[in-house]
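Positions are given from 1, in the same order as the sequence printed here. Below, each value reflects all heavy atoms present in this structure, side chains not excepted, and no hydrogens, waters or symmetry copies.
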Amino acid sequence: MEARMFGLETPLMAVLQHLLDIPDGEAGGAGNAGGEKQGPTRAYVRDARAMAATPADVKELPGAYAFVVDVPGLASGDIKVQVEDERVLVISGERRREEKEDAKYLRMERRMGKLMRKFVLPENADMEKVSAVCRDGVLTVSVEKLPPPEPKKPKTIQVQVA
C-alpha cells in the first residue's frame, strides 16, 4: 500500500522510502565495473540516512531564523556548523558508541552514528551573523536577518515654464 493512504506523505518518509528502494548491489561499491549501472555512493546513502534521522525545528523570529536540533550526549567539539555554497547551512556531528572492555550490550536503542541537516537559507539571511549555542543537549543555531532595504523615494523633477 502507498504511504499517502495513511497520511505519511512527508519529506522524511519520502527519503526513507527512497533508501528502502535501493537494491544492495547498487550501493556504489568498488565492485561496479564501467558498464554497470552506478547507484548512489555509500557516502551519499550514509548522509541521506543521517539527514532523515535528524529531526530539527526551524523558527522565524522578528530579527533572525532559529534552527533547533537535539544532540544529546555530544560535546561542542563533536558538532560542526558550517555555511556552504553561500546559502546552505550544514549542521553535522557524530555520536560514537562507548566502548568498555568488561561490558557487553544486551540492548541498544539509542541512535549512534552520524547526524546531519542541511538548510537552504533565505535571501534575507545575514551569512556573517551566524551563532550556535548548545545547552542541555539542544543545539540552537541563530542566523540574523538583513535589515529590509530602504524603500525608494520617488525622484521629484522641477518643471520649468518657458
A.B. asks: Starting at CG of L146, measure out to CG of D126 and round the result to the nearest 0.5 Å.
C.D. replies: 4.5 Å

A.B. asks: Check for a donor-acceptor pair, side chain of D85 on one end and backbone N or O of R87 on the other, with a separation under 3.5 Å.
C.D. replies: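 Not confirmed, D85 side chain does not pair with R87 backbone.
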
A.B. asks: K145 side chain to L61 main-chain N or O, any donor-acceptor pair under 3.5 Å?
C.D. replies: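 Yes: the side chain of K145 pairs with the backbone of L61.
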
A.B. asks: Without swapping roles, check the side chain of T54 against the backbone of R117 for a donor-acceptor pair under 3.5 Å.
C.D. replies: no

A.B. asks: Any chance CD of E84 has more than 12 other-residue heavy atoms, nucleotides or ligands included, within less than 6.0 Å?
C.D. replies: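 More than 12 within 6.0 Å, yes.
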
A.B. asks: Could you give all pairs that pass the side-chain hydrogen bond (donor to acceptor under 3.5 Å, both in side chains) test and reach residues 64-78, with sequence neighbours left out?
C.D. replies: Y65-N124

A.B. asks: Checking E94 against L115 for the side-chain contact (heavy atoms from CB on, under 4.5 Å) test, could you report, in this order, the C-alpha distance in whole Å, the side-chain angles of both residues, the deciding distance, and whether it holds?
C.D. replies: CA-CA 6 Å; E94 188 167 0; L115 63 93; over 6 Å; no

A.B. asks: So, for C134 and V71, which heavy atoms are closest and what is the spacing to 0.1 Å?
C.D. replies: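 C134 and V71 have their closest heavy atoms at SG-CG2, 3.8 Å.
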
A.B. asks: Measure from the side-chain N and O atoms of R95 to the backbone N and O of L74, and report whether any donor-acceptor pair falls under 3.5 Å.
C.D. replies: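 Such a contact is absent between R95 side chain and L74 backbone.
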
A.B. asks: Do F119 and I91 touch side chain to side chain, with heavy atoms closer than 4.5 Å?
C.D. replies: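 They are in side-chain contact.
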
A.B. asks: Kindly indicate whether the side chain of V68, heavy atoms from C-beta on, has any atom under 4.5 Å from the side chain of K59.
C.D. replies: yes

A.B. asks: L139 and V133: side-chain contact (heavy atoms from CB on, under 4.5 Å), yes or no, with the steps?
C.D. replies: CA-CA 6 Å; L139 174 69; V133 176; over 6 Å; no

A.B. asks: Could you measure the distance from the OG atom of S92 to the CD atom of Q82? Nearest 0.5 Å is fine.
C.D. replies: 6.0 Å

A.B. asks: If a pair satisfies salt bridge (charged side-chain N to carboxylate O under 4.0 Å, His left out) and one of its residues is in residues 151-162, list it, with sequence neighbours excluded.
C.D. replies: none

A.B. asks: Report the residue from V81, V130, L121 that forms a side-chain contact (heavy atoms from CB on, under 4.5 Å) with F67.
C.D. replies: L121

A.B. asks: Please name all residues satisfying side-chain hydrogen bond (donor to acceptor under 3.5 Å, both in side chains) with K118, sequence neighbours left out, ordered by chain then number.
C.D. replies: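 Counting only residues at least two positions away or on another chain, K118 forms no side-chain hydrogen bond (donor to acceptor under 3.5 Å, both in side chains).
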
